[in-house]
There are 2 protein chains.
Amino acid sequence: MMRLSKLTDYAVVMMVHMGQVNDLSSGDVTFTTARLSEDTGVPQPTVAKVLKGLSRAGLLRSVRGAQGGYVVERTADEVSIAEIIQALDGPIALTACVDGADDSCNVENLCGMRGNWNRVNDAIQSALGQVTLADMALTPMEFPVPDVPARAHGQSPSTSRGA
Amino acid sequence: MMRLSKLTDYAVVMMVHMGQVNDLSSGDVTFTTARLSEDTGVPQPTVAKVLKGLSRAGLLRSVRGAQGGYVVERTADEVSIAEIIQALDGPIALTACVDGADDSCNVENLCGMRGNWNRVNDAIQSALGQVTLADMALTPMEFPVPDVPARAHGQSPSTSRGA
DNA sequence: CGAAACAGTACCAGCATGGTCCTATATCTA
DNA sequence: TAGATATAGGACCATGCTGGTACTGTTTCG
């Protein structure tokens with residue numbers, strides 16, 4: 001469930017990547033979509049689409065023209081996952097019964113309790129808001145997840161294609 | 001983003017409804033899909049599909065044969081939104097890079113940090129786990145949302161077709 | 001034995017997502 | 001100034017998933 005879009009996934013990856021490169025160069029590196037495409041393996045047009053969204057949301061600054069590209073505006077610990085998600089997938093809303101829902105809610109019988117979804121959304125929003133890019137950049141493999149498929153509630157990092 | 005499936009939405013509505021009816025009758029009422037369809041306005045086959053999932057997950061008990069139907073197994077405050085979501089939409093996993101992803105992750109370059117999505121998922125899981133059906137059943141209309149379309153981040157209880 | 005009601009599966013339509021392409025615009029360099 | 005570079009913005013199409021339906025089987029009551 002709640003499979004967030006690939007675009008968002010890419011976005012996080014790219015933001016983390018840019019942050020890391022930026023760190024090494026200790027300066028504001030300008031990334032072209034071409035370079036990011038190489039670095040990540042994501043096709044160039046798609047990279048463009050992702051970065052466009054991020055830039056529109058203010059997470060990146062775009063520099064047009066020759067020698068142009070994208071520049072990160074904030075450090076990794078200043079950007080939350082929630083922001084990235086919202087930048088690409090729109091507002092965090094769990095139910096389909098959001099404002100635009102003209103005729104979705106004509107099933108009056110089952111509405112009436114719908115407003116309470118807000119609190120669910122808030123909970124999620126807050127949860128996502130607490131995870132920053134810096135968290136996502138933490139040591140890739142050095143996790144307390146041995147190769148034993150612990151599976152608390154599903155899903156181990158990479159192994160588990162066995163199923 | 002993260003639009004959870006309608007099925008899940010229906011599920012929550014039905015669970016809440018059954019809980020309320022159960023409360024009034026102070027007993028274990030047996031609900032047929034036909035009745036729930038009437039009560040909620042959701043087409044019968046769809047109701048069946050939803051309840052089947054819930055029953056398979058152990059949230060409901062099914063009684064086959066004549067006079068059969070579905071019976072709620074737990075009270076509203078014992079069932080979390082997370083459980084319902086998982087019952088219908090599968091495990092709560094935000095990224096597409098979950099276990100079954102054989103070739104999604106062959107873009108090795110961008111993987112390596114993917115494991116960290118787990119913590120995000122955990123955060124969400126925990127957030128959703130704290131909201132119970134009882135919470136969702138709270139006073140439908142008595143919310144600090146007047147009839148002015150305030151729309152903080154969308155969605156007012158029942159009005160909203162006005163748009 | 002027949003009716004009622006769930007179980008399971010297969011099937012189809014609609015729609016959002018993901019990805020591509022094209023054109024316009026801005027900037028740098030020669 | 002002219003050309004090259006690179007983003008901005010939007011349109012466009014294909015794929016896959018979701019939502020919904022129908023059909024058949026199985027269980028239980030009367």
Side-chain angles (χ1 to χ4, degrees), chain A residues 1-11 13-14 29-38 40-71 85 88-90 93 95-98 100-101 103-104 107 110, chain B residues 1-11 13-14 29-38 40-57 59-71 85 88-90 93-98 100-101 103-104 107 110:
Chain A
M1 80 129 240
M2 291 170 64
R3 174 154 297 104
L4 62 73
S5 66
K6 275 189 178 180
L7 280 275
T8 307
D9 193 13
Y10 293 159
V13 172
M14 290 176 199
V29 182
T30 302
F31 297 86
T32 67
T33 58
R35 176 191 176 167
L36 280 175
S37 171
E38 268 185 39
T40 61
V42 177
Q44 200 160 351
T46 304
V47 172
K49 178 179 270 188
V50 170
L51 296 204
K52 236 175 286 184
L54 293 175
S55 139
R56 208 172 308 145
L59 298 179
L60 295 178
R61 178 164 45 89
S62 73
V63 182
R64 301 178 67 161
Q67 298 296 97
Y70 290 93
V71 182
I85 293 179
L88 293 184
D89 284 0
T95 175
C97 182
V98 275
D103 47 4
S104 296
V107 210
L110 52 80
Chain B
M1 82 129 238
M2 291 172 60
R3 172 155 299 102
L4 62 71
S5 65
K6 274 189 179 180
L7 280 273
T8 307
D9 193 14
Y10 293 160
V13 172
M14 289 175 199
V29 181
T30 302
F31 296 86
T32 68
T33 57
R35 174 186 179 174
L36 281 175
S37 171
E38 267 185 41
T40 61
V42 177
Q44 200 160 351
T46 302
V47 172
K49 179 180 270 190
V50 170
L51 295 204
K52 230 176 287 182
L54 293 175
S55 138
R56 208 172 306 147
L59 297 178
L60 295 178
R61 179 163 46 89
S62 73
V63 182
R64 301 180 67 162
Q67 296 296 98
Y70 289 93
V71 183
I85 293 179
L88 292 184
D89 284 359
L94 262 192
T95 175
C97 183
V98 275
D103 48 3
S104 297
V107 210
L110 53 78

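Chain naming here is simple, since letters A, B, ... match the order of the sequence lines and numbering starts at 1 in each.
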- Item | CD1 on Ile85(A) to CG on Asp9(A), rounded to 0.5 Å | 10.0 Å
- Query: Can you name the salt bridge (charged side-chain N to carboxylate O under 4.0 Å, His left out) partners of Arg61(B), sequence neighbours left out?
  - Reply: Glu73(B)
Can you list, pair by pair, the side-chain donor-acceptor contacts under 3.5 Å of residues 45-54 of chain B, counting residues two or more places apart and other chains?
none

- For Tyr70(B) and dT28(D), what is the distance between atoms OH and C1' respectively, to the nearest whole Å? 15 Å
- What is the distance, rounded to the nearest whole Å, between atom CZ of Arg61(B) and atom P of dT28(D)? 13 Å
- Is there a side-chain polar atom (N or O) of Thr33(A) under 4.0 Å from OP1 or OP2 of dT7(D)? yes
- Query: How many Å lie between NZ on Lys6(A) and P on dT17(C), as a whole number?
  - Reply: 14 Å
- Query: Would you say Tyr10(B) reaches dG20(D)'s phosphate, i.e. side-chain N/O to OP1/OP2 under 4.0 Å?
  - Reply: yes
- For Gln44(B), the side-chain contact (heavy atoms from CB on, under 4.5 Å) test, sequence neighbours excluded, returns Thr33(B), Ala34(B), Ser37(B)
Output one line per pair: protein atom, nucleotide atom from nucleotides 26-30 of chain C, and distance, for all N/O pairs under 3.5 Å.
unit_1: dT27(C); atom_1: O2; unit_2: Ala66(A); atom_2: N; d: 3.1

- Measure the spacing between CG of Asp89(A) and OG1 of Thr8(A) and express it to the nearest 0.5 Å. 3.0 Å
- Task: Using atom CZ of Arg35(A) as one end and atom P of dT5(D) as the other, report the distance to the nearest whole Å.
- Result: 18 Å
- Just how far, in rounded Å, is P of dA5(C) from CG of Leu36(B)? 13 Å
- Spacing of Ile85(B) atom CD1 relative to dT18(D) atom P, expressed in whole Å: 14 Å
- Task: Not counting sequence neighbours, which residues clear side-chain contact (heavy atoms from CB on, under 4.5 Å) with Val29(A)? List them please.
- Result: Val21(A), Asn22(A), Ser25(A), Phe31(A), Arg35(A)
- Query: What are the residues of residues 43-60 of chain A, sorted by number, that bring a heavy atom to within less than 4.0 Å of DNA chain D?
  - Reply: Lys52(A), Ser55(A), Arg56(A)
- Item | Closest contact, heavy atoms only, Gln67(B) versus Thr30(B) | O-CG2, 4.2 Å
